[in-house]
Amino acid sequence: MTRILVATRNPGKLREFEEALAPEGIEIVGLDALADAPIVRETGSSFDENARIKAEACSARTDLSVLADDSGLEVDALGGEPGVRSARYGGEGLDDAGRCRLVLEKLAGVPRERRRARFRCALALARGGRTIANFEGTVEGVILEEPRGENGFGYDPIFFHEGAGRAFAELSRAEKRALSHRGRALDGVRRYWRYLSGR
Ligand code: ITT
């Protein structure tokens with residue numbers, strides 16, 4: 001069993017990592033396993049850069065391989081916002097539901113054909129303070145008029161996937177994994193891991 005530390009404080013992300021990587025024989029440990037976890041400022045201007053910043057800072061403090069995720073929602077009609085600010089959109093006072101409401105308010109009156117959006121996920125794999133591989137995944141969708149569904153986290157209730165015909169928050173975890181930005185990026189991690197282990 002290989003252990004990888006996933007450098008996230010987001011429980012929704014952590015669960016998705018565990019479920020995608022367990023079948024590969026990879027055991028995920030969270031940031032709690034790091035006695036002096038660094039406070040990382042996400043100062044990068046891209047998802048990729050922020051994933052590297054998080055992965056490198058944490059991997060400098062452990063012998064384990066570290067995977068970090070930076071992800072978010074880009075809404076075309078909002079010029080790509082919330083983008084790299086997805087987790088803090090609207091300020092510290094808002095929770096996931098509040099951030100979803102804010103996006104819906106900003107899109108009030110915008111017709112469906114102009115509500116295109118995508119989730120992006122950048123993953124960085126680091127050892128000893130250096131990034132050794134990067135992975136990314138994207139999924140296209142449309143922002144709904146009202147939140148739908150109870151599953152997932154973040155902006156899942158307002159993100160409609162046209163192929164599935166449902167909001168991400170209406171999908172099971174396995175269904176979301178098969179379609180999502182993070183699922184696709186994690187497919188890259190799985191392939192890389194199999195290659196490294198000669199499978
Ligand atoms: P860590 O930095 O500790 O990993 P975080 O939540 O702050 O956790 P990010 O800076 O990468 O992570 O912000 C990503 C935000 O984008 C996240 O808080 C959600 O609001 C949103 N997001 C990312 N992936 C999502 C998904 O699969 N479904 C819904 N929202 C998602």
Side-chain angles (χ1 to χ4, degrees), residues 4-20 28-34 37-59 66-75 78 80-92 94-104 117-126 134-144 147-161 164 166-186:
I4 293 186
L5 188 140
V6 175
T8 181
R9 299 199 183 277
N10 181 321
K13 283 186 185 178
L14 196 59
R15 199 176 317 114
E16 293 184 8
F17 275 86
E18 283 165 352
E19 290 178 0
I28 296 304
V29 297
L31 262 186
D32 301 343
L34 211 54
I39 310 277
V40 181
R41 292 188 55 227
E42 296 179 23
T43 51
S45 54
S46 66
F47 296 114
D48 192 47
E49 209 181 324
N50 281 331
R52 282 167 179 262
I53 292 171
K54 292 189 245 189
E56 291 176 8
C58 292
S59 78
V66 172
L67 257 179
D69 169 311
D70 201 64
S71 45
L73 179 69
E74 289 178 354
V75 180
L78 300 179
E81 284 196 350
V84 290
R85 292 169 51 236
S86 290
R88 18 182 219 289
Y89 196 51
E92 299 292 326
L94 293 185
D95 57 6
D96 279 351
R99 283 184 283 273
C100 285
R101 267 198 307 276
L102 179 59
V103 171
L104 295 183
R118 70 204 51 76
F119 276 122
R120 284 190 194 280
C121 173
L123 301 179
L125 179 66
N134 297 282
F135 308 89
E136 56 176 39
T138 303
V139 59
E140 297 286 329
V142 172
I143 302 298
L144 289 162
R148 276 166 56 171
E150 304 292 329
N151 303 333
F153 64 95
Y155 299 95
D156 283 342
I158 59 169
F159 187 83
F160 182 80
H161 188 277
R166 278 173 288 162
F168 262 18
E170 295 176 308
L171 301 180
S172 70
R173 297 215 286 261
E175 286 171 328
K176 181 180 171 189
R177 185 164 67 245
L179 298 172
S180 78
H181 51 313
R182 185 165 300 100
R184 288 176 180 173
L186 281 164

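Whatever order the structure lists them in is the order used to number ligands and atoms, beginning at 1.
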Parallel, tilted or perpendicular for F119 and F168, by the 30°/60° rule? parallel
If we number the atoms of ligand 1 from 1 as shown, the ones under 4.0 Å from a heavy atom of G154 are 20 (O), 29 (C), 30 (N)
Is a side-chain donor or acceptor of N151 paired with a backbone partner of L171 at a separation under 3.5 angstrom? yes
Does ligand 1 have any atom sitting under 4.0 Å from a heavy atom of L73? no
Decide, yes or no, whether a salt bridge links E136 with R120 under the criterion of side-chain N to carboxylate O below 4.0 Å. no
Side chain R99, main chain A87, donor-acceptor under 3.5 Å: yes
Which residue and non-hydrogen atom of the protein lie closest to atom 17 (C) of ligand 1, and at what distance in Å? N10 ND2, 4.1 Å
Can you report which non-hydrogen protein atom sits closest to atom 14 (C) of ligand 1, along with the distance? S71 O, 3.0 Å
What protein heavy atom is closest to atom 22 (N) of ligand 1, reported as residue, atom name and distance in Å? F153 CE1, 4.1 Å
Looking only at protein heavy atoms, which one is nearest to atom 7 (O) of ligand 1, and what is the separation? A87 CB, 3.5 Å
Among all the protein's non-hydrogen atoms, which is closest to atom 20 (O) of ligand 1, and how far away is it? Y155 CE1, 3.3 Å
Can L186 and R182 be said to form a side chain to side chain contact (heavy atoms under 4.5 Å, CB included), step by step? CA-CA 6 Å; L186 281 164; R182 185 165 300 100; 3.7 Å; yes
R9 CZ: over 12 foreign heavy atoms closer than 6.0 Å: no
For atom 28 (N) of ligand 1, which protein heavy atom lies nearest, and how many Å away is it? D156 OD1, 2.6 Å
Under 4.0 Å from a heavy atom of K176: give me the atoms of ligand 1 that qualify, with their elements. 26 (C), 27 (O), 28 (N)
Check each atom of ligand 1 against the heavy atoms of S86 and keep those under 4.0 Å away; list them by number with element. 15 (C), 16 (O)
Please work out, at 4.0 Å between heavy atoms, whether the side chain, the backbone, both, or neither of K13 comes within that distance of ligand 1. side chain
Which atoms of ligand 1 are found less than 4.0 Å from any heavy atom of H181? 24 (N), 25 (C), 26 (C), 27 (O)
Pairwise side-chain contact, Y155 with I143, heavy-atom cut-off 4.5 Å (strictly under): no
Looking only at distance, does D96 have an N or O less than 3.5 Å from an N or O of ligand 1? no
Enter the distance from L14:CG to L31:CG here, rounded to the nearest 0.5 Å. 8.5 Å
With distance as the sole test, does S86 use its side chain to make a donor-acceptor pair with the main-chain N or O of L73 at under 3.5 Å? yes
Answer yes or no for G152: is there a heavy-atom contact with ligand 1 below 4.0 Å? no
Contact check, side chains of L104 and P147, non-hydrogen atoms, under 4.5 Å: yes
Just go through R9, K54, R88 and tell me whose heavy atom is the nearest to atom 2 (O) of ligand 1. K54
Which protein non-hydrogen atom lies closest to atom 24 (N) of ligand 1, naming both residue and atom, and how far is it? R182 NH2, 2.9 Å
Tell me the protein heavy atom at minimum distance from atom 1 (P) of ligand 1, and give that distance in Å. T8 OG1, 3.4 Å
Ligand 1 to E42, heavy atom cutoff 4.0 Å, flagged ligand atoms 2 (O), 10 (O)
Report yes or no: does a heavy atom of R99 sit under 4.0 Å from some atom of ligand 1? no
Using a heavy-atom cut-off of under 4.0 Å, does the side chain or the backbone of F168 touch ligand 1, or both, or neither? neither
Ignoring hydrogens and geometry, is there a side-chain-to-backbone donor-acceptor pair from N50 to F47 under 3.5 Å? no
For ligand 1, which atoms, with element, lie under 4.0 Å from some heavy atom of D70? 9 (P), 10 (O), 11 (O)
Side-chain heavy atoms of V6 within contact of D69, under 4.5 Å: no
Min side-chain heavy-atom separation E42-K54 under 4.5 Å: yes
